[in-house]
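Reading through the structure tokens given below for one structure.
One-based numbering, in listed order, for ligands and for the atoms of each.
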Amino acid sequence: MSDAEQAAPKFPLRLDRMTLQARKLAVPPAAQRSASVAMKPARPCSPAPQDPLIRPQRPLHEAALDSRRVAVPAGLGLDSHHVRERMLGRLAAEGVRDPRVLSAMRAVPRHVFVDTALANQAYEDTSLPIGLGQTISKPSVVARMIELLIAEQRPDARLRVLEIGTGCGYQALVLAQFARQVVSIERLKPLHDKARDNLAGLRHDNLRLVYGDGRLGHAPNAPYDGIIAAAGGDDIPGAWCEQLAEGGRLVAPMHDALSGGQVLVVIDRRPGGSLRRTLYEAVRFVPLKSGVG
Ligand code: SAH
């Protein structure tokens, strides 16, 4: 067995173990270095009380109210440069810096991915219902997660990315703006079909939609330089880590035993194959489910 194999943790990766590792941050740096899986969170593992809770998924009763609110998009100028620039301005003000993320989000018309009745809210920083109890994530959360996903990659890197949870297809198309290839998996057939329809009039040659259980990843196109999940489970499926390329990064929401909520988890596969896990802020995503529906 190689050193890298020995260093790799057992799957599935349990947050309670990761949390234990994270708590070790209180111990001296020398002790941290001796751990087989080093954890160096850029932010505290449990969010400080003043940290805003990012809510990419709105409570369902609010989403239902939204879907009943009829608005007429005609004449709102949703295609206009101006409306999208305002959203970009807000993202930049909130600290989104990566030009790849900003220009990708500038390029993708979010209003095309939401129901007509909600199109007038498409450029607000809010999640919106997309049917079957699922939601399109808030723009600020999409930006934050993609920024984390590519933070360590060279600006000219031609990335292969796997997205779990296509939903309406918005984030998949944002990823496709800078990635060499994006594979996006959805377990609900009506949403898989809806994403295909939404994308029909938009350029997406490097984006492949797959109908299936994303917990298994998608081995035929592996390994991936980036894996990003839009739904959170109790653990990080082993298949995702197995399909992560060396130098690649995985970003996903995951249940946090300590708070009872979810946190963002980042897993890096370092040269040599070992994995490093870092916990970030609290988030709120729809559940990662097994099987297809
Ligand atoms: N990426 C979307 C967000 C979709 S919401 C956006 O652009 O905003 C999350 C999606 O994950 C839902 O459509 C849900 O059906 C899907 N999902 C949940 N568990 C899954 C699984 N095991 N495999 C694939 N998709 C899954």
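Taking only nitrogen or oxygen atoms, main chain and side chain alike, G291 does not reach within less than 3.5 Å of ligand 1. Residue-to-ligand polar distances place E163 within reach of ligand 1: an N/O pair is separated by less than 3.5 Å.
Close approach of ligand 1 to I136 is summarised as follows: ligand atoms under 4.0 Å from at least one heavy atom of the residue are 8 (O). For ligand 1, the atoms lying closer than 4.0 Å to a non-hydrogen atom of G214 are 21 (C), 22 (N), 23 (N), 24 (C). Near I185, meaning under 4.0 Å from one of its heavy atoms, ligand 1 places the atoms 24 (C), 25 (N). The contact set between ligand 1 and R215, taken as ligand atoms under 4.0 Å from a residue heavy atom, comprises 22 (N). Below 4.0 Å from some heavy atom of A231 lie the following atoms of ligand 1, by number and element: 11 (O), 18 (C). Less than 4.0 angstrom separates some heavy atom of V286 from each of these atoms of ligand 1: 9 (C). The contact set between ligand 1 and P287, taken as ligand atoms under 4.0 Å from a residue heavy atom, comprises 18 (C), 19 (N). Numbered from 1 in the order shown, with element, the atoms of ligand 1 that lie under 4.0 Å from a heavy atom of L188 read 15 (O).
For R154 and D156, the salt-bridge test passes: some basic side-chain N is under 4.0 Å from an acidic carboxylate O. Between D268 and R249, at least one side-chain N (NZ, or NE/NH1/NH2) sits under 4.0 Å from a carboxylate O, which counts as a salt bridge. Salt bridge R106/E85: present, at least one basic N to carboxylate O contact under 4.0 Å. By the 4.0 Å N-to-carboxylate-O rule, E281 lies close enough to R144 to be salt-bridged with it.
When atom types are taken as modelled, the side chain of Q134 and the backbone of L132 share a donor-acceptor pair closer than 3.5 angstrom. Using modelled atom types, one side-chain atom of Y224 and one backbone atom of H218 make a donor-acceptor pair closer than 3.5 Å. Here the side chain of R160 pairs no donor or acceptor atom with the backbone of R180 at under 3.5 angstrom.
When the options K289, K194, R187 are ranked by their closest heavy atom to atom 25 (N) of ligand 1, first place goes to R187.
The aromatic rings of Y170 and F113 lie perpendicular to each other, with more than 60° between the two planes, well past the 30° mark.
When non-hydrogen atoms are compared, ligand 1 lies under 4.0 Å from neither the backbone nor the side chain of L132. Contacts between L191 and ligand 1 below 4.0 angstrom, taking non-hydrogen atoms only, involve the side chain exclusively. Both the backbone and the side chain of E186 come within 4.0 Å of ligand 1, judged by heavy-atom distances. Contacts of S137 with ligand 1, taken as heavy-atom pairs under 4.0 Å, involve both backbone and side chain.
The side-chain heavy atoms of I130 and L128, taken from C-beta on, include no pair separated by under 4.5 Å. Put simply, the side chain of Y211 does not reach to within 4.5 Å of the side chain of E186, judged on heavy atoms.
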